[in-house]
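In what follows, every chain begins at residue 1, and chains take the letters A, B, ... in the order their sequences are listed.
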2 protein chains.
Amino acid sequence: MDDVGQKDGPEHGGITIRAARIQDVAKLADVSTATVSRALATPERVSPEARARVLEAIAKTGYVPNPAARTLRSQKTYMVLVVLPDLSNTFFSKILRGIEETLFEAGYGMIISDLDGSPEKEAHFAAFTAAGRVDGAILLNGHLFGQSREGEGQPARITIPLVALCEAIPAADIPQIEIDNRTAACRMTQHLASLGHRRIAYVSGPASNSLERDRFQGFKDGLETAGLPFDPALVLPGDYTIEAGVRAGRELVARSTRPTAVFCTSDEMAIGLMRTLFSAGLRVPEDISVAGFDDIEFAAVAEPPLTTMHQPRRELGQAAASVLIDLLQGRPSPKLIRLETELVIRDSVAAL
Amino acid sequence: MDDVGQKDGPEHGGITIRAARIQDVAKLADVSTATVSRALATPERVSPEARARVLEAIAKTGYVPNPAARTLRSQKTYMVLVVLPDLSNTFFSKILRGIEETLFEAGYGMIISDLDGSPEKEAHFAAFTAAGRVDGAILLNGHLFGQSREGEGQPARITIPLVALCEAIPAADIPQIEIDNRTAACRMTQHLASLGHRRIAYVSGPASNSLERDRFQGFKDGLETAGLPFDPALVLPGDYTIEAGVRAGRELVARSTRPTAVFCTSDEMAIGLMRTLFSAGLRVPEDISVAGFDDIEFAAVAEPPLTTMHQPRRELGQAAASVLIDLLQGRPSPKLIRLETELVIRDSVAAL
DNA sequence: AAGTTTGATGTAATCGATTACATAGGTCCG
DNA sequence: CGGACCTATGTAATCGATTACATCAAACTT
């Protein structure tokens with residue numbers, strides 16, 4: 001970092017040859033750089049002969065447009081930022097795949113930001129988008145950036161199109177892709193009630209979470225339509241992780257009177273909870289029924305296979321990406337997309 | 001796409017104000033743009049007074065350097081490409097997190113490419129790196145790009161630093177971060193043998209895979225040191241997925257003489273396999289022992305909890321990122337890093 | 001005291017594309 | 001036949017930073 005000449009990279013094996021520029025192509029095809037650019041961006045505005053020569057020259061030189069130069073001039077990055085709370089969570093990875101697929105097909109790249117609950121990271125990525133590194137963003141974390149720094153000397157930054165996925169963002173007027181969490185949770189609760197369960201426990205998500213609020217409402221709706229009383233003692237705190245399920249399980253095992261069914265708001269928690277029940281000598285579903293939510297891959301092969309609420313994760317990702325692309329390309333787009341969930345009945349829930 | 005003026009984005013809510021440029025900061029601080037640039041890049045080469053004025057002006061304007069312009073001039077993107085075969089696989093997500101963390105701390109962003117077995121995608125990302133969109137790449141997929149297009153009229157492209165993670169890349173002279181798959185598989189095999197198992201089945205990974213070759217070697221090593229014969233009939237094909245485990249399970253269930261232990265080269269396969277065994281009325285580990293590999297989160301809460309070989313996934317990601325950063329910044333870096341695995345004994349394996 | 005070094009700063013070239021504007025040649029129409 | 005219009009193309013400005021080079025004053029050398 002001291003002086004010039006030092007910072008040129010080291011020899012990392014291969015021969016470094018300057019990549020072809022648009023000028024090289026232009027010279028080879030005997031046209032101007034403008035024509036080369038047009039041959040690629042608007043082929044119909046270039047004569048067939050010139051176009052052919054340009055394409056040939058491109059093939060010969062292996063020319064690939066320099067994205068930095070392109071972005072600098074056209075103000076388009078063809079990059080999308082995906083913000084999520086936890087990259088290592090199974091639930092998100094399939095969604096990410098759906099997003100990536102769709103973005104890829106439309107020629108966009110994906111940059112991932114795993115917030116990991118760090119405000120520092122959040123600030124960083126706020127600056128990141130402000131700096132115009134991405135054309136748009138998909139937010140899976142339930143809130144916008146940097147709302148702290150408003151109104152001050154700070155002038156408004158560039159506004160880029162945003163889409164909220166899964167978790168709604170309360171005060172923001174942006175498209176929202178989600179499932180109907182309330183109805184889904186209600187259906188699951190009714191399912192349990194219909195099998196005769198009257199003492200149904202609920203393992204929640206993080207309290208701050210909009211998903212959680214909806215699902216909790218749905219749970220209460222379900223109790224009500226089934227004519228069951230709501231008992232706060234049967235609500236156990238969780239955060240969608242396996243460990244939270246394990247903890248909730250311990251809590252239940254320690255009780256003298258136990259519920260006959262447990263509705264976990266994520267499959268991870270359900271699987272963790274079942275583990276704890278087994279360790280305590282309880283059987284699922286004979287002694288206690290357990291239901292999950294999400295239908296992750298492991299739900300079908302859990303022991304016993306888990307009754308759960310299927311979320312179309314890949315499709316959620318695809319839908320979010322496709323709405324964002326519409327926004328980016330100036331096409332009209334829906335404000336709200338709700339994909340269907342499906343009750344998947346397996347063996348972890350039984351009639352009383 | 002027809003004419004000019006059409007392609008300016010639509011009104012998406014917020015007020016769009018031009019972001020501050022280096023010129024605005026320079027004017028406000030009453031210095032040249034060069035001084036602003038230096039105040040940020042090499043503060044020690046700018047007088048304290050000027051620096052203070054610049055920083056104040058930056059705070060006032062909310063200036064953030066335009067990355068496209070910066071990249072265009074300095075040829076540095078501060079972006080790293082991560083190439084992997086399947087984004088939705090649990091095994092990778094924790095590794096990704098380790099990578100992201102480390103990159104973030106060093107000021108690098110992460111672009112993800114989920115190859116999904118598509119050569120088209122591969123070609124795209126080859127062009128992507130060639131175009132200089134990223135400073136370096138971490139490859140989890142076991143091979144380089146576009147080796148097909150060599151020697152032709154195609155001139156060599158820019159060479160960027162690469163690091164291979166998990167899967168080795170045979171013919172490439174690049175740093176490799178991995179575990180000792182052969183030794184790890186050998187140890188697991190010995191563990192099974194030491195408990196009295198003599199008929200040990202092996203559920204493989206994809207045959208083309210270097211991980212698989214190493215683990216298979218290790219399996220044979222383990223048999224040999226235990227004085228057990230190698231029986232090809234006990235090798236079942238797999239590909240690390242849950243479904244492959246289910247299939248292998250069916251195959252075993254159908255046999256008249258079954259192995260007493262099964263070594264699956266991924267936890268996903270082990271879990272899928274156990275599911276099939278249960279469905280057929282077999283018990284683990286009473287009737288048959290099952291071992292996994294990786295120690296994913298679900299291994300500990302499987303029923304029964306899975307005996308497996310722990311891979312430090314997050315650390316693998318961190319190590320790969322940190323080696324790549326060393327390369328990018330011209331520091332010396334090791335050619336090979338091998339992280340330790342650990343045999344995790346749970347309940348899915350028992351003595352005969 | 002003259003020459004040399006050092007430090008702080010400014011000027012302007014540069015990175016590589018896109019694109020507004022200019023131009024040249026051809027077609028069409030009254 | 002001459003202006004209007006269209007098509008294909010070229011010229012050069014532009015995007016916003018970084019940085020080589022120039023400049024100038026102050027400090028230091030001998």
Side-chain angles (χ1 to χ4, degrees), chain A residues 1-8 18-27 29-54 57-58 61-78 130-133 158, chain B residues 1-8 18-27 29-54 57-58 61-78 127 130-133 135 158:
Chain A
M1 283 289 198
D2 220 19
D3 214 342
V4 192
Q6 187 85 328
K7 48 182 72 162
D8 293 288
R18 197 189 237 322
R21 293 157 310 163
I22 197 169
Q23 280 216 20
D24 306 326
V25 175
K27 202 168 292 174
D30 196 31
V31 294
S32 71
T33 61
T35 301
V36 175
S37 181
R38 283 189 284 250
L40 290 170
T42 51
E44 72 279 6
R45 303 182 71 93
V46 167
S47 70
E49 306 81 48
R51 199 187 316 158
R53 287 211 309 283
V54 167
I58 287 178
T61 55
Y63 167 73
V64 179
N66 180 314
R70 186 209 287 274
T71 296
L72 179 57
R73 176 68 224 235
S74 66
Q75 308 289 6
K76 282 180 187 153
T77 62
Y78 284 95
R133 272 187 110 105
I158 293 173
Chain B
M1 280 293 196
D2 220 19
D3 213 341
V4 191
Q6 187 86 328
K7 47 182 72 161
D8 293 289
R18 197 190 237 319
R21 295 156 310 163
I22 198 170
Q23 280 216 19
D24 306 326
V25 175
K27 202 168 292 175
D30 196 31
V31 294
S32 71
T33 60
T35 300
V36 175
S37 181
R38 283 191 284 250
L40 290 170
T42 52
E44 72 279 6
R45 302 181 73 93
V46 166
S47 70
E49 307 81 50
R51 199 187 317 158
R53 287 210 310 282
V54 167
I58 287 177
T61 54
Y63 168 72
V64 179
N66 179 313
R70 186 208 288 273
T71 296
L72 179 56
R73 176 65 225 236
S74 65
Q75 308 289 6
K76 282 181 187 153
T77 63
Y78 283 95
R133 272 186 109 105
D135 292 342
I158 292 175

Checking C:dT19, D:dT19, D:dG16 against the side chain of B:Ser74 (C-beta onward), the nearest is D:dT19
Report all interatomic pairs (protein N or O, nucleotide N or O of nucleotides 22-27 of chain C) with separations under 3.5 Å.
none

note: A:Asp24, atom CG; C:dC15, atom P; distance rounded to Å ~ 12 Å
To the nearest 0.5 Å, atom CG of B:Leu72 lies from atom CZ of A:Arg73 at 13.0 Å
Are any of the side-chain nitrogens in B:Lys27 or B:Asp24 under 4.0 Å away from the carboxylate oxygens of its partner? no
By side-chain hydrogen bond (donor to acceptor under 3.5 Å, both in side chains), B:Ser32 pairs with (sequence neighbours left out) B:Thr35
Rounded to whole Å, CG of B:Leu72 lies from P of C:dT14 at a distance of 13 Å
note: B:Gln75, atom CD; D:dA17, atom C1'; distance rounded to Å ~ 12 Å
Here the distance between atom P of C:dT14 and atom CG of A:Asn66, to the nearest Å, is 17 Å
Across all chains, not counting sequence neighbours, the side chain to side chain contact (heavy atoms under 4.5 Å, CB included) partners of A:Ser37 are A:Ile22
Terminal axes of the helix from C:dA1-D:dT30 to C:dG30-D:dC1 (5 end pairs apiece), angle rounded to 10 degrees, sit apart by 40°
Quick one: does B:Asp135's side chain get under 4.5 Å of B:Lys76's, heavy atoms only? yes
Between the protein and nucleotides 9-11 of chain C, list every N/O to N/O distance that falls short of 3.5 Å.
{"residue": "C:dT9", "atom": "OP1", "partner": "B:Ser47", "partner atom": "OG", "Å": "2.8"}
{"residue": "C:dT9", "atom": "OP2", "partner": "B:Ser47", "partner atom": "N", "Å": "2.8"}
{"residue": "C:dT9", "atom": "OP2", "partner": "B:Ser47", "partner atom": "OG", "Å": "3.2"}
{"residue": "C:dG10", "atom": "OP2", "partner": "B:Ser32", "partner atom": "N", "Å": "2.8"}
{"residue": "C:dG10", "atom": "OP2", "partner": "B:Ser32", "partner atom": "OG", "Å": "2.9"}
{"residue": "C:dG10", "atom": "OP2", "partner": "B:Thr35", "partner atom": "OG1", "Å": "2.6"}
{"residue": "C:dG10", "atom": "N7", "partner": "B:Arg38", "partner atom": "NH2", "Å": "2.9"}
{"residue": "C:dG10", "atom": "O6", "partner": "B:Arg38", "partner atom": "NH1", "Å": "3.2"}

Residues A:Leu40, A:Ile58; criterion side-chain contact (heavy atoms from CB on, under 4.5 Å); working and verdict: CA-CA 10 Å; A:Leu40 290 170; A:Ile58 287 178; 3.8 Å; yes
Note to self: Tell me whether A:Arg38 contacts the main-chain N or O of A:Val46 through its side chain, where contact means a donor paired with an acceptor under 3.5 Å.
What the structure shows: no
From CG of B:Leu40 across to C1' of D:dG16 the rounded distance in Å is 14 Å
note: B:Arg73, atom CZ; D:dA17, atom P; distance rounded to Å ~ 14 Å
Between CD of A:Gln23 and C1' of C:dT18 the distance, given in whole Å, is 14 Å
Sequence neighbours excluded, the answer for side chain to side chain contact (heavy atoms under 4.5 Å, CB included) partners of A:Ala29 is A:Val31, A:Arg53, A:Val54, A:Ala57
Separation of D:dT9 atom P from A:Glu44 atom CD, nearest Å, is 13 Å
* Asked: Hey, is the side chain of A:Tyr63 poking within less than 4.0 Å of OP1 or OP2 on C:dG16, counting only N and O atoms?
  -> no
Rounded to the nearest 0.5 angstrom, the OG1-CD distance for B:Thr61 and B:Gln23 is 13.0 Å
